[in-house]
Amino acid sequence: MKVETSLTTKLSISDLEGMDPIGVFMEDAGPGRGSIVVRCHTQVWSGSWGAMGKENTAAQFVTSCSPDYLIGCLSPMLRKVRFSSDALIIMAKLSIIDRRRGRNSSDWIGLDDLDKRQARVLFDQVDDLDGINEVGCWQHNNLLVELFGCEWWHKADDATEPNPEWAYLERILETVQAAIKQQSEVPA
């Protein structure tokens, strides 16, 4: 049986304006190896690294990384932006206006300019897209084909807004980094 020990640091970060207390556990498992667990309210994120630089501690490594990199490690499925039906509606209305006025024709390959009646009909149908999610787009395939062409999903990929979950985790990690830096500046 092999038994190993490691150095673990626990930080409790409280009295934060507009945020719940944050708990942080950092483990130095050996030279250049470590892990972190971050907890805020009911959510927990964790990550570990087998190569953090020859002499880096977990704290040094975490403070040297960008929040974007850390988010990618702690929550790999989280994206900076998310689909937005509001953005899709704006894009759809702009496409109708552009096609009605005969502008940006290179963007609408395979689609004809619209006359006044066609534009009005499409413009009224655009409200059907309100509140849909990415999967729900397929239920409106015919409308989206009329708006953006046969491969409408390429345009729909651009219908995004900032993801508040990303911003929340980014704020937490920036707070953790500031707390680690503050803690390392305190004389022992």
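These numbers come from a predicted model, not from an experiment.
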Exercise for the section: Please examine the side chains of Phe148 and Met91, heavy atoms only from C-beta on, and report whether any two atoms are closer than 4.5 Å. Expected result: yes

Problem - Name of the residue among Val135, Leu88, Thr160 meeting side-chain contact (heavy atoms from CB on, under 4.5 Å) with Phe83 - result: Leu88

Exercise for the section: Using modelled atom types only, decide if a donor and an acceptor are shared between the side chain of Arg33 and the backbone of Ala29 within a distance under 3.5 Å. Expected result: yes

Problem - Under 3.5 Å: donor-acceptor pair, side chain of Asn56, backbone of Gly32 - result: no

Handout entry: Under 3.5 Å side-chain donor-acceptor pair for Glu27 and Thr8
Key = no

Handout entry: Whether Gln43 side chain and Leu169 backbone form a donor-acceptor pair below 3.5 Å
Key = no

Fill in the blank from the handout: side-chain contact (heavy atoms from CB on, under 4.5 Å) with Arg39: of Val44, Ile172, Ile22, only one passes, and it is Val44

Exercise for the section: Check for a donor-acceptor pair, side chain of Glu55 on one end and backbone N or O of Pro31 on the other, with a separation under 3.5 Å. Expected result: no

Handout entry: Test item: Asp115 side-chain N/O and Arg117 main-chain N/O as donor-acceptor pair under 3.5 Å
Key = yes

Problem - Residues which pass ring-ring contact (aromatic ring centres under 6.0 Å, His included) with Phe61, listed by chain and number, not counting sequence neighbours - result: Trp49

Problem - Criterion side chain to side chain contact (heavy atoms under 4.5 Å, CB included) on Thr9 and Thr57, from CA distance to verdict - result: CA-CA 11 Å; Thr9 304; Thr57 64; over 6 Å; no

Exercise for the section: Please name all residues satisfying salt bridge (Lys or Arg N to Asp or Glu O under 4.0 Å) with Asp20, sequence neighbours left out, ordered by chain then number. Expected result: none

Handout entry: Pair Lys80 + Asp68, salt bridge at N-O below 4.0 Å
Key = yes

Practice task
Give, for atom OG of Ser95 and atom CG of Leu147, the distance between the pair rounded to the nearest 0.5 Å.
Solution key: 5.0 Å

Exercise for the section: Please check if the side chain of Ser85 supplies one atom and the backbone of Gly131 the other of a donor-acceptor pair under 3.5 Å. Expected result: yes

Practice task
Compare all side-chain heavy atoms of Ile36 with those of Val38 and state whether any distance is below 4.5 angstrom.
Solution key: yes

